[in-house]
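One structure is given here, and the rest of the page talks about it.
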Amino acid sequence: MKRALILGVRVFAVFLAPILGYFPGSQPQQAFAAEVKTYSFGVVPQFEQRKLYATWKPIVDNLETRTGLKFNLVTALKIQDFEKAIAQGKFDFVYVNPYHLIQVHDAQGYVPLVTDDIPVRGILVARKGSAISKPEDLNGKTVAFPSPNALGASLLVRADLQNIFHTTVTPLYVTTHSSVYLHVIKDLAAAGGGVEKTLQEQDESIRSQLRVIYTTRPCPSHPVAAHPRVPKAAQEKVRQALLDMSTTAQGKEMLRNIPVRQFVPVSYDDYGVMRDWGLEKYWQPLNKD
């Protein structure tokens with residue numbers, strides 16, 4: 001009887017082993033499929049953090065639905081924190097300033113996937129009713145910028161002030177485009193650097209108090225880029241999903257909040273022209289520590 005019971009237990013164990021994922025003498029194995037990898041998705045802080053998260057969370061959720069991949073949306077409070085993160089290659093996917101892309105390309109090799117079909121143009125805004133009507137009026141004045149390395153809002157504007165208008169200003173860095181516009185309205189700065197897109201996204205109560213006194217040359221817009229460690233198949237899934245998103249009414253509504261009119265394919269070569277614009281004079285090196 002005892003022998004029969006032991007034999008029965010052994011037979012039962014043989015049938016149970018595949019279900020549990022192991023056999024006697026072997027290491028336990030997972031019974032279920034491995035957990036799906038979660039990719040980090042970083043976003044340059046163009047807006048204050050709550051607005052940035054509210055803008056991008058629906059887009060990232062839609063990406064998960066379209067691609068079957070999982071993403072962790074990362075929104076930095078300060079542009080300096082974001083710059084350090086991309087310099088260290090911490091983001092798998094990132095929506096990034098085009099000049100950031102150039103600066104970290106040699107070290108990290110981020111691959112641009114898509115960009116808006118509307119190029120970036122920097123602008124200088126002044127408060128309506130102020131004595132500032134042209135760039136030359138700003139010589140010796142304080143001008144607000146979101147950050148030293150903001151492409152359209154700072155690098156292009158500062159380069160043109162110096163090289164075209166021979167005007168020297170005192171920069172005041174205030175973190176976001178929205179803060180730039182508020183500083184100008186409240187007379188905390190004589191003027192401010194921004195871009196056409198973010199000005200258009202401001203409430204009418206803000207826009208109505210500002211006027212554009214200068215617009216820079218255009219350059220390719222912010223790309224969504226992938227770190228080269230991300231498998232090519234995942235990169236292409238994200239690229240295609242973003243392109244497809246631009247073709248639906250729901251997708252267009254979400255992308256309008258970035259603001260993006262329509263994503264189009266892009267490559268690193270599209271950004272190479274900026275290497276000849278002399279912007280490095282105004283660029284502050286990324287802190288990698």
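Just so you know, residue 1 is the first one in the sequence shown, and it goes up from there.
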### Query
Taking atom CG of Leu279 and atom CD1 of Ile102, what is their separation to the nearest 0.5 Å?
8.0 Å
### Task
Output yes when a side-chain donor or acceptor of Glu201 lies under 3.5 Å from a complementary backbone atom of Lys197, and no otherwise.
no
### Query
How far apart are the closest heavy atoms of Ala76 and Pro45, and which atoms are they?
O-CB, 3.5 Å
### Message
Within this structure, what is the CD1-CD distance for the pair Ile118 and Glu196, rounded to the nearest 0.5 Å?
### Response
9.0 Å
### Query
How long is the gap from CZ on Arg261 to NZ on Lys252, to the nearest 0.5 Å?
10.0 Å
### Query
Are Val260 and Met245 co-members of a hydrophobic cluster defined by side-chain heavy atoms under 4.5 Å apart?
yes
### Query
Where the side chain of Gln235 meets the backbone of Val230, is there a donor-acceptor pair that is under 3.5 Å apart?
yes
### Task
Walk me through it: do Lys70 and Glu64 pass the test side chain to side chain contact (heavy atoms under 4.5 Å, CB included)?
CA-CA 6 Å; Lys70 291 180 67 66; Glu64 289 190 336; 4.0 Å; yes
### Task
Answer whether the closest heavy-atom distance between the side chains of Val96 and Tyr110 falls below 4.5 Å.
no
### Query
Going through the checks in order, is the side chain to side chain contact (heavy atoms under 4.5 Å, CB included) test met by Leu210 and Ile185?
CA-CA 7 Å; Leu210 299 169; Ile185 289 172; 3.8 Å; yes
### Query
Of the non-hydrogen atoms in Leu63 and Ala241, which two are nearest, and what is the gap between them?
CD2-CB, 3.5 Å
### Query
Do the side chains of Val195 and Tyr282 join up, straight or via other hydrophobic residues, at under 4.5 Å, putting them in one cluster?
no
### Message
Count I, L, V, M, F, W, Y as connected when their side-chain heavy atoms are under 4.5 Å apart, and connections chain through other members. Are Val44 and Tyr268 then in the same cluster?
### Response
yes
### Message
Restricting to non-hydrogen atoms, name the atom on Ala190 and the atom on Leu138 that form the minimum distance, rounded to 0.1 Å.
### Response
CB-CD2, 3.9 Å
### Any donor-acceptor pair under 3.5 Å from Thr247 side chain to Leu243 backbone
no
### Message
Using a 6.0 Å cut-off, check whether atom CD of Glu204 has over 12 heavy atoms from anything other than its own residue.
### Response
yes
### Query
Distance only, no hydrogens: is a donor on one side chain within 3.5 Å (strictly under) of an acceptor on the other, for Thr167 and Asn139?
no
### Query
Rounded to the nearest 0.5 Å, how far does OG of Ser178 lie from CG of Asp203?
9.0 Å
### Message
Within the 3.5 Å criterion, strictly below it, is a donor on Asp137 or Ser133 matched to an acceptor on the partner's side chain?
### Response
yes
### Message
Can you confirm whether Tyr173 sits close enough to Pro148 that some side-chain heavy atom of one is under 4.5 Å from a side-chain heavy atom of the other?
### Response
yes
### Query
Looking only at heavy atoms, what is the nearest atom pair of Leu124 and Leu161, with distance?
CD1-CD2, 3.8 Å
### Query
Where the side chain of Ser154 meets the backbone of Ser147, is there a donor-acceptor pair that is under 3.5 Å apart?
yes
### Message
Determine whether a donor-acceptor pair (N or O, by modelled atom type, separation under 3.5 Å) exists between the side chain of Gln202 and the backbone of Thr198.
### Response
yes
### Query
Glu83 pairs by side chain to side chain donor-acceptor pair (under 3.5 Å) with which of His100, Gln284, Gln103?
His100
### Message
According to salt bridge (Lys or Arg N to Asp or Glu O under 4.0 Å), does anything in residues 44-54 pair up with another residue at least two apart or in another chain? List the pairs.
### Response
Glu48-Arg50
### Query
Can you check whether Ile123's main-chain N or O pairs, donor with acceptor, with Thr215's side chain at less than 3.5 Å?
no
### Message
Check whether Asn72 reaches the backbone of Ser40 with its side chain - one donor and one acceptor, N or O, closer than 3.5 Å.
### Response
no
### Query
Does the side chain to side chain contact (heavy atoms under 4.5 Å, CB included) test come out yes or no for Ile213 and Lys134, once each step is laid out?
CA-CA 5 Å; Ile213 63 171; Lys134 56 186 183 299; 5.8 Å; no
### ILVMFWY cluster, Leu151 and Val43 together (side-chain gap under 4.5 Å)
yes
### Task
Verify, without hydrogens or angle tests, whether Thr75 (side chain) and Tyr53 (backbone) share a donor-acceptor contact under 3.5 angstrom.
no
### Query
Among Phe71, Tyr39, Phe82, which residue meets the ring-ring contact (aromatic ring centres under 6.0 Å, His included) test with Phe91?
Phe82
### Summary
Smallest heavy-atom separation, Ala150 atom then Pro146 atom, equals CB-CG, 3.8 Å
### Query
Are side-chain heavy atoms of Asn149 and Ile79 found at a separation under 4.5 Å?
no
### Message
Could you check whether any side-chain heavy atom of Pro220 comes within less than 4.5 Å of a side-chain heavy atom of Thr115, counting everything from C-beta outward?
### Response
no
### Message
Exactly one of Trp277, Tyr271, Trp283 should register a ring-ring contact (aromatic ring centres under 6.0 Å, His included) with Tyr99. Which one does?
### Response
Trp283
### Query
Any luck finding a side-chain donor-acceptor pair between Gln80 and Lys78 under 3.5 Å?
no
### Task
For side chain to side chain contact (heavy atoms under 4.5 Å, CB included), just list the numbers for Lys141 and Val169, CA-CA rounded to whole Å, side-chain angles, deciding distance to a tenth of an Å, and then say yes or no.
CA-CA 5 Å; Lys141 305 289 187 181; Val169 302; 5.5 Å; no
### Message
Using only atom types and a distance under 3.5 Å, with no angle test, would you say the side chain of Arg158 pairs donor to acceptor with the backbone of Phe145?
### Response
no
### Query
Sub-3.5 Å donor-acceptor pair from the side chain of Ser179 to the main-chain atoms of Thr176, do we have one?
no
### Task
Evaluate the side-chain proximity of Phe93 to Leu113: yes if any heavy-atom separation is below 4.5 Å, no if none is.
yes
### Summary
Between the CG atom in Asn163 and the NZ atom in Lys281, the distance rounded to the nearest 0.5 Å is 6.0 Å
### Query
Does some side-chain heavy atom of Trp56 sit less than 4.5 Å from a side-chain heavy atom of Ile258?
yes
### Task
Please check if Val224 and Met274 belong to a single hydrophobic cluster, counting links between Ile, Leu, Val, Met, Phe, Trp and Tyr side chain heavy atoms closer than 4.5 Å.
yes
#### Entry: pair Asp116-His222: side-chain heavy atoms closer than 4.5 Å
no
### Ile59 side chain reached by Asn257 side chain, heavy atoms, under 4.5 Å
no
### Task
Quick one: pull up NE2 in His183 and CG in Leu172 and give me the separation to the nearest 0.5 Å.
5.0 Å
### Task
For Leu156 and Cys219, work out which heavy atoms get closest and say how close.
CD1-SG, 3.9 Å
